[in-house]
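Just below is one structure, and these are the notes that go with it.
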Amino acid sequence: MTPPSAPASASQGDVAKGLAGIVAGQTAISSLEGTLRYRGYAIEPLAAAGDFEEVAYLLIHGELPGSAERAAFADRVQAAARAIDPAVLAGLSALARKNPHASPMDALRTGVSMLGLVEGDDALGSHDALVARAERLLGQTPAVLAAWIDMTAGRAVGRWPDAPVAAALLERLTGRTPSPEQQAIFGTTLVLYAEHEFNASTFTARTITSTGGDMHSAITGAIGALKGPLHGGANEKVLEVLREIGSVDRVEPWLQAQFEAKRVVMGFGHRVYKDGDVRAKLLGERCRALVRGTDVEPLEALADRVETRMAETKGLRPNLDWPAARVYHALGLPVKVFTPIFVVSRMSGWTAHVIEQAGDNRLIRPLSRYSGVPPREYVAVTGRG
Ligand code: COA
């Protein structure tokens with residue numbers, strides 16, 4: 001049977017497509033008014049310090065840690081990274097053998113789900129229990145990512161280094177001890193990616209939490225949302241774009257072809273920042289300094305040209321993924337770990353939001369406007385011909 005078409009009046013009317021411009025709740029975790037602030041602190045000095053542990057502590061606990069609190073927190077995160085349940089590692093190892101080409105994002109989504117199962121996380125617990133879970137996930141996630149990369153390369157799973165998350169993860173993913181400069185800029189990217197109020201993945205986590213669902217379910221859903229190319233997946237696409245363009249003289253025709261095909265250029269535009277993403281400005285400057293004199297410097301000339309032409313032709317500015325992808329490439333990281341690194345960092349923001357939502361909950365359940373066919377009569381299958 002051919003379904004009758006939807007009524008011509010099925011326009012979107014006053015519906016806010018994509019919830020654009022809708023204030024869907026309150027948060028004390030971050031704000032984008034003026035500049036990006038985490039719990040009231042402007043992003044600029046936090047990014048300059050580049051200390052992921054202090055920022056994760058700030059987001060989850062609400063205040064910056066003193067030095068003893070920071071050290072104890074870092075120890076707990078590191079202990080969690082070293083204590084992944086062997087059943088989870090065995091499960092991931094079997095999956096890596098089955099499909100070594102699977103996306104590390106799928107491995108993280110599956111790994112977090114398995115961690116919830118083995119830890120018996122099946123309901124929202126007390127505030128303290130949620131904080132403890134958040135801290136464990138902060139350590140477990142980078143360790144699961146590094147383990148998956150080892151497994152798919154056919155190596156034994158390496159030991160988690162005695163170092164803060166930024167240095168440890170960089171070492172595990174590149175196989176080299178990073179220089180202080182490399183650690184610093186990688187730490188800055190983790191700080192910049194850590195939190196961004198009601199973005200799609202965080203809202204997913206809050207929606208799952210609002211049903212009374214457990215933290216691991218909320219985070220599993222958030223990872224799925226982050227994977228999409230319009231959200232976290234964009235940082236991997238940025239490098240594909242730069243490689244595809246190839247040289248400065250190909251920028252104009254490449255962009256023209258994108259515009260004609262009505263395709264978006266990855267790493268540009270933002271739902272909230274219409275005059276440019278403060279994080280992209282901060283990291284863009286650091287990125288240029290990082291690559292100066294290295295063999296990836298030619299990519300920067302190409303990126304500059306794209307940036308200039310996007311501003312001139314579309315009035316669009318880069319978002320954080322634009323410089324982050326280039327920084328990760330300059331650090332020698334493979335493209336497939338770019339979005340998973342975003343997961344490692346955003347775990348701090350996601351878990352802070354789960355804790356906040358659980359502490360003042362009401363089921364998230366918006367309405368929709370029906371745009372389908374008019375009411376019609378049911379006919380039993382025998383009468384449908
Ligand atoms: N390249 C080309 N055109 C773009 C664009 C991009 N990156 N981003 C937005 N536009 C265009 C839109 O197509 C739209 O054009 P139209 O008016 O002709 O339809 C116009 O600019 C306004 O878009 P806007 O309403 O501001 O976009 P949005 O808020 O719905 O979407 C994004 C925001 C992030 C999804 C979008 O900018 C995008 O897809 N960017 C690329 C993916 C990316 O980098 N994601 C990471 C985000 S942090």
Side-chain angles (χ1 to χ4, degrees), residues 17-21 32 36 43 103-105 185 188-189 192-193 196-203 224-288 290-291 296-331 333-343 345-346:
K17 194 173 181 192
L19 294 181
L32 309 188
L36 171 62
I43 193 65
S103 152
M105 284 297 282
I185 196 165
T188 295
T189 70
L192 293 172
Y193 268 135
H196 220 217
E197 49 116 279
F198 278 25
N199 57 85
S201 56
T202 301
F203 197 64
L226 192 82
K227 187 182 169 194
L230 297 187
H231 191 10
N235 65 7
E236 296 184 8
K237 300 284 174 203
V238 161
L239 214 76
E240 287 172 21
V241 162
L242 290 170
R243 283 178 172 154
E244 199 181 308
I245 300 176
S247 59
V248 175
D249 59 308
R250 282 180 34 86
V251 168
E252 304 280 350
W254 188 89
L255 282 179
Q256 200 48 44
Q258 291 294 111
F259 300 151
E260 276 163 19
K262 299 213 169 303
R263 282 193 295 263
V264 290
V265 179
M266 293 297 167
F268 284 84
H270 198 275
R271 172 60 61 77
V272 183
Y273 299 116
K274 296 303 179 194
D275 295 326
D277 179 338
V278 58
R279 304 165 303 170
K281 285 179 205 148
L282 291 172
L283 192 62
E285 288 158 17
R286 297 272 301 271
C287 177
R288 281 180 200 101
L290 176 76
V291 303
V296 295
E297 198 170 5
L299 213 60
E300 285 305 290
L302 184 53
D304 281 349
R305 185 76 193 136
V306 175
E307 222 173 295
T308 307
R309 290 304 292 151
M310 284 298 283
E312 287 170 356
T313 55
K314 292 276 173 185
L316 286 166
R317 315 267 164 208
N319 56 54
L320 174 57
D321 295 318
W322 184 247
R326 285 144 46 213
V327 167
Y328 292 158
H329 178 60
L331 291 173
L333 292 159
V335 173
K336 65 183 176 186
V337 300
F338 289 8
T339 314
I341 292 168
F342 190 162
V343 172
S345 160
R346 188 56 62 86

Criterion salt bridge (charged side-chain N to carboxylate O under 4.0 Å, His left out) on Glu307 and Arg288, from CA distance to verdict: CA-CA 13 Å; Glu307 222 173 295; Arg288 281 180 200 101; 3.7 Å; yes
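Distance check: Arg305 CZ to Ser247 OG gives 12.0 Å after rounding to the nearest 0.5 Å. Remark: Gln258 CD to Met266 CE distance equals 9.0 Å, nearest 0.5 Å. With rounding to the nearest 0.5 angstrom, the OH atom of Tyr328 is 5.0 Å from the CD1 atom of Ile341. Distance CG/Asn235 to CZ/Phe342: 7.0 Å, rounded to 0.5 Å. Note that CZ of Arg317 is 10.5 Å distant from CE of Met310, once rounded to the nearest 0.5 Å. Expressed to the nearest 0.5 Å, how far CG of Leu32 lies from CZ of Arg279 amounts to 8.0 Å.
Within 6.0 Å of the CG atom in Asp249, the count of heavy atoms belonging to other residues, nucleotides or ligands exceeds 12.
A salt bridge does not link Arg243 with Glu240: every distance from a Lys NZ or Arg NE/NH1/NH2 to an Asp or Glu carboxylate oxygen is 4.0 Å or more.
Note on ring orientation: taking the six-membered ring where Trp is involved, the planes of Phe203 and Phe198 are tilted (angle from 30° to 60°).
Put simply, the side chain of Arg326 reaches to within 4.5 Å of the side chain of Leu242, judged on heavy atoms. Between Tyr193 and Asp321 the shortest side-chain heavy-atom distance falls below 4.5 Å. Between Leu320 and Tyr273, the closest side-chain pair of non-hydrogen atoms is not below 4.5 Å. Contact annotation: the side chain of Leu299 never approaches that of Val291 to less than 4.5 Å [non-hydrogen atoms, C-beta and beyond]. Using a 4.5 Å heavy-atom cutoff, the side chains of Val251 and Trp254 are not in contact. Annotation: side chain of Val265 is in contact with side chain of Phe259 (closest heavy-atom distance under 4.5 Å). Contact check for Thr202 versus Glu197: no side-chain heavy atoms found under the 4.5 Å cut-off.
At least one donor-acceptor pair under 3.5 Å links the side chain of His231 to the backbone N or O of Ser201.
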